[in-house]
Amino acid sequence: MCLICGWVYDESAGLPDEGIPAGTLWTDVPMNWTCPECGARKEDFEMVAL
């Protein structure tokens, strides 16, 4: 979950529009990726249980 805006990355859905296929684990998302809602960096995210 993004600590800035609250957007949640769903590993099962991925982000196909950004080149991240469904099933991509969070650890496999590139370090230079940014939040699609607010532009926060990957380091501004925290794991949460859904």
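Index from 1, following the sequence. Just so it is clear, the structure is predicted and the values come from calculations on it, not from any experiment.
Aromatic ring pairs are classed by plane angle as parallel below 30°, tilted from 30° to 60° and perpendicular above 60°; the pair Trp7 and Trp33 is tilted. Between Tyr9 and Trp26, the ring-plane angle classifies as tilted under the 30° and 60° cut-offs.
Taking CG from Asp44 and CG from Leu3, the interatomic distance works out to 6.5 Å, rounded to the nearest 0.5 Å. The CD atom of Glu11 sits 8.5 Å away from the CG atom of Asp28 when rounded to the nearest 0.5 Å. Note that CZ of Arg41 and OG1 of Thr34 are 10.5 Å apart. Values are rounded to the nearest 0.5 Å.
Within the 4.5 Å cutoff, side-chain heavy atoms of Glu18 are placed close to those of Pro36. Considering only heavy atoms from C-beta on, Val29 comes within 4.5 Å of Lys42 through its side chain. With contacts defined as side-chain heavy-atom distances shorter than 4.5 Å, the pair Cys35/Cys5 qualifies.
In terms of heavy-atom proximity, Met1 sits nearest to Gly6 at CG-O, 3.6 Å. For Ser12 against Ala22, the heavy-atom pair with the smallest separation is O-CB, 3.2 Å.
The side-chain contact (heavy atoms from CB on, under 4.5 Å) check on Ala13 picks up Asp10, with sequence neighbours excluded.
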